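Read the numbers this way: they start at 1 and go in the same order the structure lists the ligands and their atoms. No hydrogens, no waters, no symmetry mates; every other heavy atom, side chains included, goes into these values. Keep in mind that this is a model prediction, so the values were computed, not measured.
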Amino acid sequence: MTPRDEANAVPGPAELSAAATRLAGKVRRTPTLALAAGDLCSVPVTLKLETLQHTGSFKARGALNAVLTAPVGTSSITAASGGNHGAAVAWAAAQAELPAHVFVPASVPAAKAALIVAYGATLHRVEGFYADALAASLTHAEQHSAHHVDAYDAEAVVAGQSTLGQELVEQIEPGRPVLVSCGGGGLFAGVSLALEGRNPVVAVEPATAPSLARALDAGQVVDVEVGGVAVDSLGARRAGGIAVDVARRLRSTTLLVSDDAIQQAQRRLWSTLRLAVEPGGATALAAAMTGPSSSDHPVVVLSGANVPAAPRLGPDR
Ligand SMILES: Cc1ncc(COP(=O)(O)O)c(C=O)c1O
């Protein structure tokens, strides 16, 4: 694996525990909902409703931990994002009374762009993909001595995301598989570290954006083509080095799901529970509804709610 500096080291137990203390009372301890066989899946399933988190996604956890641990003297924050991380950084910077600049691909969904602005950040639209927005954020950080908060491959961000897993320790039985959606892998890495030795964590990616699966096949991070219905949230062209290290060490499983299965999961959440969940937020459920792990009484993290409006109410198939 590539050597890494302090900022993108895999967080250890001390960092995970410090993040939990730091974020206590500042992020929401989101509830779980146990559902009977036949409600959403053919087997009983427990949902972790991270859709109820500040800013509408788990990203608030990592963003706030990163902002609160920024170097002393930090006077502004920058980030690149497909939308949810940007909204979370805008919110976190506002909590710390710091100005924030968020760089997004021009294709950002309007609802997410509006959230970023509503939380008080300056929005910069960049032609191209997430990688182009990332380059612009890093340049801005260098030119303006701002602190760049990475979306997934940073120790403080992964430690922040781990607090979701630390809550699960008190909410679910040991041994049950936990399914999380995966873009760059910050959520997967954080939850895996929190549940290490207690619950296996499965990374679920759209088949149209398989960055972690391809990295594990290749034995190193590689660039992949990305697209599909969840591209704004799970469309990282490269998995994070932290996620790849964690997945290799824990011998984690990854699953790929189709865009059709993701949309079916969204429809089912709406028709059964009246939950509006964005494609990236419903991707782990798509695996539980279709995949082999559905036999193991899975726990599914619903990671984000930021759709423009509730999905149309139609019969699910
Ligand atoms: C709703 C949602 N779920 C999951 C993810 C994946 O997070 P990560 O990049 O940490 O894998 C994202 C990333 O933006 C997201 O917005």
Side-chain angles (χ1 to χ4, degrees), residues 8 11 30 48-63 65-66 79-89 102 104-105 108-109 111-112 115-116 129-131 133-134 149-165 178-193 201-206 209-213 215 221 226 228-244 246-247 252 254 257 262 265-266 269 275-287 300-307:
N8 61 359
T30 53
K48 170 78 166 157
L49 298 177
E50 193 63 11
T51 44
L52 300 175
Q53 189 51 262
H54 289 291
T55 76
S57 87
F58 73 95
K59 290 280 184 181
R61 298 173 184 267
N65 196 46
S81 169
N84 281 338
H85 174 65
V89 166
V102 176
V104 294
V108 65
K112 291 183 176 176
L115 261 187
I116 293 166
F129 294 95
Y130 168 75
L134 177 60
V149 175
D150 198 82
Y152 48 81
D153 205 22
E155 184 181 38
V157 170
V158 171
Q161 317 309 24
S162 84
T163 61
L164 188 158
V178 177
L179 275 57
V180 298
S181 54
C182 181
L187 176 63
F188 159 76
V191 174
S192 297
L193 291 168
V201 178
V202 179
V204 185
E205 298 181 289
S211 59
L212 183 61
V221 289
V226 293
V229 294
V231 72
D232 65 303
S233 56
L234 306 185
R237 261 193 276 175
R238 260 175 183 240
I242 296 178
V244 174
V246 169
S252 312
T254 67
V257 291
I262 293 170
Q266 282 184 286
L269 285 164
L275 285 179
V277 179
E278 62 183 279
T283 295
L285 179 63
V300 172
V301 176
L302 299 185
S303 53
N306 290 323
V307 272

statement: Of Ser233, Gly86, Ala151, Gly82, the one whose closest heavy atom lies nearest atom 15 (C) of ligand 1 is Ser233
message: Is it the case that ligand 1 has an N or O less than 3.5 angstrom from some N or O of Gly184?
response: yes
field: Numbered atoms and elements of ligand 1 in range of Gly304, under 4.0 angstrom, heavy atoms
entry: 1 (C)
task: Looking only at distances, please establish whether an N/O atom of ligand 1 is found under 3.5 Å from an N/O atom of Gly183.
output: yes
- prompt: Pick one: which of Leu115, Thr55, Thr51, Val277 meets side-chain contact (heavy atoms from CB on, under 4.5 Å) with Asn306?
  reply: Leu115
field: Top protein contact for atom 4 (C) of ligand 1, by heavy-atom distance
entry: Ser181 OG, 3.2 Å
- prompt: Heavy atom under 4.0 Å from ligand 1: found in Lys59's side chain, backbone, both, or neither?
  reply: side chain
- line: min-distance protein heavy atom vs atom 5 (C) of ligand 1 -> Leu234 CD2, 3.3 Å
message: So for Gly185, does at least one of its heavy atoms come nearer than 4.0 angstrom to any atom of ligand 1?
response: yes
field: Any N/O pair Phe58/ligand 1 closer than 3.5 Å
entry: no
task: Give the C-alpha distance, both sets of side-chain angles, the deciding distance and a yes or no for side-chain contact (heavy atoms from CB on, under 4.5 Å) between Gln266 and Val307.
output: CA-CA 10 Å; Gln266 282 184 286; Val307 272; 4.1 Å; yes
- prompt: Between Ser233, Ser181, Ser303, which is the residue that forms a side-chain contact (heavy atoms from CB on, under 4.5 Å) with Glu278?
  reply: Ser233
field: Gly186 N/O under 3.5 Å from ligand 1 N/O
entry: yes
message: Can you report which non-hydrogen protein atom sits closest to atom 16 (O) of ligand 1, along with the distance?
response: Asn84 ND2, 2.8 Å
message: My understanding is that only one of Asp153, Leu212, Val244 makes a side-chain contact (heavy atoms from CB on, under 4.5 Å) with Val221; could you say which?
response: Val244
message: Is there a side-chain contact (heavy atoms from CB on, under 4.5 Å) between Asn84 and Lys112? Walk through the geometry before answering.
response: CA-CA 7 Å; Asn84 281 338; Lys112 291 183 176 176; 3.5 Å; yes
message: Could you identify the single nearest non-hydrogen protein atom to atom 2 (C) of ligand 1 and state the distance to 0.1 Å?
response: Ser303 OG, 3.5 Å
message: With a 4.0 Å cut-off on heavy atoms, is Ala236 in contact with ligand 1?
response: no
